[in-house]
Amino acid sequence: MSVVRQSLAVLRKDLLVDLRSLRRVVAVSLFGAMTLLLFSFAAGTDSVVLKEQAAGYLWLALFLSSTLALSESFRVELEDDALEGLCLLPVDPRALYYGKAVANLLFLLALSCILVPLSFGLYGPSLRLPLVNLIALLVFGLAGLAGPGTLYSAMTSRARGRDVMLPLLLFPLVVPVLVAGVKGTALVFGGDPMGQFGSWLQLLIVFDLVYWSLCGLLFGKVLDS
Amino acid sequence: MNKYFEKEHILLVVGLAMLAWGCNQALFVLPGETYMGEVFRIFFLHVPTAWNSLLIGTVAFGAALGALVKRSRGWDAAVEASVEVTLVLIVMVLIQGSIWGHGGTWGDPRTEAGSTWWEWEPRLTASAVMALSFAGVLSLRSFIEQFERRVLWTAVATVIAYVDVPIVYLCVKWTDRGMHQDHSTPSTVSDVYHWPLRVNAFAVLLIALWLIVRRAKLTLARDAARADQTPPTESTTPLVAGGA
Amino acid sequence: MIDAPSPPLALEASNLCRGYQNRWALLGLNLRMRSGSSLLVVGANGAGKTTLLRMLATTLAPTSGSLAIYGERPQDNLLGVRRRLGLVSHRTHLYDDLTATELLEVTAAIAGMAKDADRNAALLERVGLSGRGTDVIRGFSAGMRKRLCFARLLLQDPDIVLLDEPYGQLDVAGVDFVDGLITELLEARKTLVMSTHQVERGARLLQQGLVLASGRMNWVGTAADAPVALAEALSR
């Protein structure tokens with residue numbers, strides 16, 4: 001049975017579980033929204049400053065909420081040792097990884113559907129490049145979070161000190177995603193006279209390719225122990 | 001040979017000797033750099049330390065790959081030791097860089113070197129991220145009690161952290177033109193400075209390797225002192241079910 | 001007269017050991033089981049029964065020693081080996097947010113089996129959960145969850161069945177159901193390893209017996225003699 005079909009089956013399982021417990025998506029979104037608000041309070045009421053920094057705040061809010069989302073996705077697996085139950089099936093560990101990682105990506109994209117409009121509302125940036133650019137940036141940027149994040153949450157959710165370990169390990173790693181995401185988004189909001197948007201998007205794509213393949217290979221080993 | 005003098009100490013002795021020569025050159029023999037003044041001399045320690053931090057980081061990466069292939073105490077000790085030494089080197093690089101960047105304005109308002117403690121530029125940022133990543137790896141270790149899991153997860157985290165370094169570097173490079181001159185390789189630095197740089201670079205490498213070997217030996221000795229993990233070879237009669 | 005060939009070696013464990021920081025959970029496990037045979041594993045709490053079953057199920061890696069399932073090692077063909085194994089453990093491995101039917105559907109999809117709603121419904125009926133297919137597992141009692149685990153096991157239809165405390169949390173009807181299931185599995189020539197505290201019950205159903213004490217093989221013999229052997233081992 002091909003890895004792709006097994007991944008889709010795992011993905012379906014995760015989506016079923018996620019949709020059934022929408023309260024998790026709601027809770028994490030609320031957290032993200034609160035973060036956006038906190039940033040605007042901290043930055044002060046100068047609307048010019050807020051507009052300039054909008055890209056940064058948006059991505060920071062996404063980053064902070066992602067750790068909650070990622071650790072939630074693995075808590076479900078541990079409640080009844082469900083993950084071990086999956087391992088009892090003849091399933092390729094790579095399929096487990098890719099199914100879970102795509103499910104996490106979709107979770108994060110759902111999150112951004114709430115946070116992006118909210119940041120437009122709070123900070124009032126304009127849209128100088130087509131919306132599809134922003135969407136592409138979000139898809140590949142959040143994939144950069146979901147990819148290594150799935151691997152790390154598989155590890156940290158089973159170790160002690162799990163709440164602090166996931167962000168501690170993940171955040172230094174995904175600095176390129178933050179930089180590229182913020183820069184690209186700033187170009188979408190502020191205009192791109194020198195045509196740099198493409199290179200930032202490329203950086204994200206390269207990061208995704210490297211980490212989605214690397215983590216897929218390593219996932220099986222992580223599950224083994 | 002005296003039993004207290006283990007072979008790796010040669011690394012330390014030679015390394016210290018080379019470092020002494022190199023630093024002597026740097027501090028007393030060579031003329032100062034006209035533009036940046038006396039604080040420039042830290043360059044002779046800063047650049048070799050920076051080169052080695054990346055080199056030892058690569059050693060850690062290699063050890064992690066080894067640990068992934070064969071999960072033994074030896075490989076694990078190697079990974080832990082090289083990650084620690086890399087971290088120490090990077091922290092030193094960051095401190096030295098900070099001192100250099102700040103310039104010698106210790107009550108001397110005349111020196112020109114910019115007075116920032118930090119600068120957002122590629123190599124500094126990449127080093128800081130690498131330091132945090134590697135520190136995170138060590139932090140993860142402290143939370144895992146099972147030996148096999150610890151070996152494996154440390155190795156995985158190290159591999160992932162290391163692969164990130166060039167990406168971070170590229171990333172920040174695109175955002176900013178920073179204050180570092182274009183890579184200080186021997187070719188871009190005037191001839192007079194070559195030898196002290198090279199000598200110091202090897203010196204730091206030898207000392208770093210000595211640290212790794214000592215650290216790894218310490219871990220292995222500590223582990224051996226705990227309960228012996230080799231299973232006894234008592235043979236029990238196999239239980240046979242359904243006919244022999 | 002034609003001699004019936006002896007059945008193939010289903011499971012072979014050589015010197016399986018599992019150690020932690022400062023103790024051995026399992027030490028020197030040697031097992032050879034032919035297809036169709038059955039084994040009862042008994043011992044006090046913490047004797048290593050669950051560790052043994054998890055290692056046989058390949059979800060726990062041994063510290064040393066080797067395992068072969070129908071001649072293949074897990075390292076060489078993990079998926080093929082896992083296809084032959086099925087485990088029902090006291091940890092249910094269930095997703096609380098799914099319905100019973102969805103759990104079977106998802107398991108079937110991941111295991112590469114064809115979609116078959118009738119088959120799933122029939123399995124639920126067989127384990128006594130007919131009509132509960134659309135109920136979310138979160139609302140299930142412990143006994144019902146156990147039954148669902150059995151449904152999942154029957155769905156996978158492995159050659160080697162591993163049961164870790166199958167009677168736990170079941171009412172009288174449930175216990176009888178498990179007995180019936182075990183009898184059926186043995187008649188279907190499955191290889192069965194069961195650990196339980198219900199020693200007399202196990203002794204009636206299974207062939208061989210093993211007493212574990214502190215992770216070591218304390219006694220081997222026929223299952224019928226296991227209760228006495230266990231009592232002796234505990235009294236020492």
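Chain identifiers are assigned alphabetically (A, B, ...) following the order of the sequence lines, protein sequences preceding nucleic acid strands; residue numbering begins at 1 within each chain.
Annotation: the span from A:Tyr211 atom OH to B:Ile167 atom CD1 amounts to 5.0 Å, rounded to 0.5 Å. For the atom pair B:Leu132 CG and A:Leu173 CG, the distance stands at 11.5 Å (nearest 0.5 Å). With values rounded to the nearest 0.5 angstrom, A:Lys221 atom NZ is found 7.0 Å from B:Leu152 atom CG. Distance check: A:Leu218 CG to B:Trp153 CH2 gives 13.0 Å after rounding to the nearest 0.5 Å. We find the CG-OG distance between A:Leu169 and B:Ser139 to be 7.5 Å, quoted to the nearest 0.5 Å.
Environment of CZ in A:Arg24: crowded, with over 12 heavy atoms of neighbouring residues, nucleotides or ligands closer than 6.0 Å. In A:Phe120, the CZ atom is crowded: over 12 heavy atoms of neighbouring residues, nucleotides or ligands sit closer than 6.0 Å.
For A:Phe171, no part lies near chain B; criterion is any non-hydrogen pair under 4.5 Å. If you measure heavy-atom distances from A:Met155 to chain B, the contacts under 4.5 Å come from both the backbone and the side chain.
The heavy-atom pair separating B:Val156 from A:Val222 by the smallest distance is CG2-CG2, 4.0 Å. Considering every non-hydrogen atom in both A:Pro172 and B:Asp164, the closest pair reads O-OD2, 3.4 Å.
In this structure, A:Leu151 and B:Ile160 have side chains that are in contact, with non-hydrogen atoms separated by less than 4.5 Å.
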